[in-house]
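Notes follow once the structure below has been shown.
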Amino acid sequence: MSALKQAARTALWFAFLTFPLLVIKVNPYERTVVWRWQNLLYVALAAFAGSLLVQAAAAFKTRKKPQAAAPAKDWLLLLNKMAVRLPALALLLLALGLFPHSVSSYQVSIMITALLYVMLGLGLNIVVGMAGLLDLGYVAFYAVGAYSYALLNLHFGIGFWTALPIGGILAALFGILLGFPVLRLRGDYLAIVTLGFGEIIRLVLENWTEFSQGPSGISGIPRPGFFGMELSLQQSVIYLYYLMLGMVIFTVFAASRLRHSRIGRAWAALREDEIACRAMGIDKTRIKLAAFASGAFWAGMAGVLFAAKTTFVNPASFTFMESAIILCIVVLGGMGSIPGVIIAALTLILLPEYLRALADYRMLAFGAALVLLMIFRPGGLFAPTRQTCVSRRKNES
C-alpha cells in the first residue's frame, strides 16, 4: 500500500512539473490556448509505472542474499586484460576511422563538436576530478585559446599549427594567474572566485572593442591546412574530424599518464585531504598551480580548434553555460574517470541531436534521461574506486 502511495505522489509531482510544457499550448497568431490534457494523463501514468518499477528493483536488491549470488565479473576489469583490450581498441578505432565516410557532413560536424567537448571534459577532469578543485570559470581558458588564434591570425597572419601550442601555453599562463590568488581557497569560495574570473574574461572580450572587436566578434579565421593543399568544404570537415580524433587520443594518453604519475598521486592526495597532503610534505602551491595550468592548457588548445572549426568567434560563445555543460560532463562521467568523461561528453552532446524526432519534447526527454542516470548511478557512469595494493594485484593477475 505504501508503494502505491509513493507512486501516486511521484505521478502527481511529475504531472505538476510538466504541466506548463506539455498541457498548455499558446497560439500567438490566433490568440488561442489549447489544453492538451491527454499529455498530462500520459505523464502521470508513465511516472506511476516508473516509480513502481524503481521500488520493485530496490526491494529485489535488498532481499537478494549475497551468499546465493553468483560472483559477477566486472566488465571493466575484463577490459583491462590485454587480450581483450587491444582487439576492442582496434575495432573502436576502425569504426571511428570509417565514420566520416559513411555518414553525412552534418553528422560529421556534430561528432567534431562532441569530440571537442570530450577534450574539454578531460581537461576539466584534471582540475575537478583529479585535484578536487571546483572550477566554474573553465570556459575562460577556452576563450583565451580561441581568441589567441583569432587575434594572432588577424594581426600577424599566424597559421593554425603555430597558434595551436601558443593558445595552449597562453591559457596555461592564465591558469597560473588564476591559481595564485586562490591558493588558500577551497570549496564554495574557490567556485565563486573561478566563476568571477570566467565572467571577467567574457566581459573584457565583449567591451574592449579595440582589442577583440567586441560583440561583433572576429570572422574569416582560416581552417587547418594540409601541406598547402586546397580542400573543399567537405574535405575540410573530414580533415578536421581526423584532427580532432587525433587530439582526443593524445589528450586521453596524456591524462592517463598524468593520473598515474607522481603529480597525479599528489593531486589525489590533495583531493582527499588537503591538511594530510601538507603533512606528508607535498608542496600544495606547486601541485595546485600545476593542476590549473594543465587543465587550462587543454582548454586553450580546444579553443584554437573551436575557432578553426567555426571560422568565427565572439564572446557569446563563452558564457557560463559552457562551463556548466563541461562540469556536467565531468560529474556525470565520474569524478576522475577518463572513460566516464568520454562517454558522458558523447552522451550530453549527441543525445539532444538524436532526440530531435521528439520535436518539442526532446529536451524534456533529455532531462528525464539525466535524472534517471543520477538516480541509478549517483557516482557517475564510471565511479572511480580507490586503488589499493590488493586490488592492484588482482588487476595485474
Side-chain angles (χ1 to χ4, degrees), residues 75-76 79 88-89 91-125 128-129 138-139 142 146 233-234 236-252 255 298-299 301-303 305-310 317-319 321-335 337-377 380-383:
W75 66 279
L76 284 176
L79 284 178
L89 288 176
L91 288 175
L92 179 61
L93 290 176
L94 179 63
L96 291 173
L98 295 176
F99 177 80
H101 302 286
S102 56
V103 296
S104 64
S105 298
Y106 173 71
Q107 300 291 336
V108 177
S109 180
I110 293 174
M111 184 58 72
I112 292 172
T113 304
L115 292 175
L116 187 67
Y117 277 92
V118 169
M119 191 172 173
L120 288 168
L122 290 172
L124 184 60
N125 193 41
V128 178
Y138 191 69
V139 72
Y142 187 34
L233 180 60
Q234 184 175 3
S236 297
V237 171
I238 295 176
Y239 175 56
L240 188 59
Y241 168 81
Y242 285 121
L243 179 60
M244 276 302 314
L245 186 61
M247 289 299 299
V248 167
I249 293 173
F250 175 61
T251 307
V252 169
W298 299 112
M301 289 204 298
L305 290 163
F306 170 77
K309 174 183 178 294
T310 59
S317 302
F318 309 103
T319 60
M321 286 306 299
E322 293 295 317
S323 291
I325 291 173
I326 303 168
L327 184 62
C328 284
I329 289 172
V330 176
V331 173
L332 289 176
M335 304 279 279
S337 172
I338 295 175
V341 169
I342 295 172
I343 295 177
L346 295 176
T347 302
L348 282 175
I349 303 304
L350 298 180
L351 190 59
E353 294 295 331
Y354 291 109
L355 288 176
R356 286 187 181 275
L358 300 178
D360 296 336
Y361 310 119
R362 71 185 182 102
M363 294 311 295
L364 179 65
F366 177 62
L370 293 182
V371 169
L372 292 174
L373 178 64
M374 295 310 296
I375 289 174
F376 293 104
R377 300 289 298 178
L381 290 172
F382 293 85

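When reading the values below, keep in mind they use all heavy atoms of this one structure, side chains included, and skip hydrogens, waters and symmetry mates.
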How close do [X] and [Y] get, counting heavy atoms only, and between which atoms?
X: Tyr241; Y: Leu96; answer: OH-O, 2.7 Å
X: Val139; Y: Thr319; answer: CG1-O, 3.6 Å
X: Phe318; Y: Ala146; answer: CZ-CB, 3.6 Å
X: Tyr138; Y: Leu124; answer: OH-N, 3.3 Å

Would you indicate whether the side-chain heavy atoms of [Y] and [X] approach each other to under 4.5 Å?
X: Tyr242; Y: Pro100; answer: yes
X: Glu322; Y: Leu120; answer: no
X: Leu348; Y: Tyr117; answer: no
X: Ile349; Y: Met111; answer: no

Stepwise, does the side chain to side chain contact (heavy atoms under 4.5 Å, CB included) test hold for Thr347 with Leu332? CA-CA 10 Å; Thr347 302; Leu332 289 176; over 6 Å; no

Looking at [atom1] of [X] and [atom2] of [Y], how far apart are the two atoms once the value is rounded to the nearest 0.5 Å?
X: Ile329; Y: Leu346; atom1: CD1; atom2: CG; answer: 9.0 Å
X: Leu94; Y: Phe99; atom1: CG; atom2: CZ; answer: 14.0 Å
X: Ile238; Y: Ile112; atom1: CD1; atom2: CD1; answer: 9.0 Å
X: Ser109; Y: Gln234; atom1: OG; atom2: CD; answer: 12.0 Å

Could you list the residues that satisfy ring pair (Phe, Tyr, Trp, His ring centres under 6.0 Å) with Phe250, not counting sequence neighbours?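 Listed in chain order: Trp298.
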
Side chain to side chain contact (heavy atoms under 4.5 Å, CB included) between Met301 and Thr251: does it pass, once the steps are laid out? CA-CA 10 Å; Met301 289 204 298; Thr251 307; 5.7 Å; no

Can you name the one residue among Leu115, Thr113, Val118, Ile249 that meets side chain to side chain contact (heavy atoms under 4.5 Å, CB included) with Met244?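 Answer to the side chain to side chain contact (heavy atoms under 4.5 Å, CB included) test with Met244 among Leu115, Thr113, Val118, Ile249: Leu115.
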
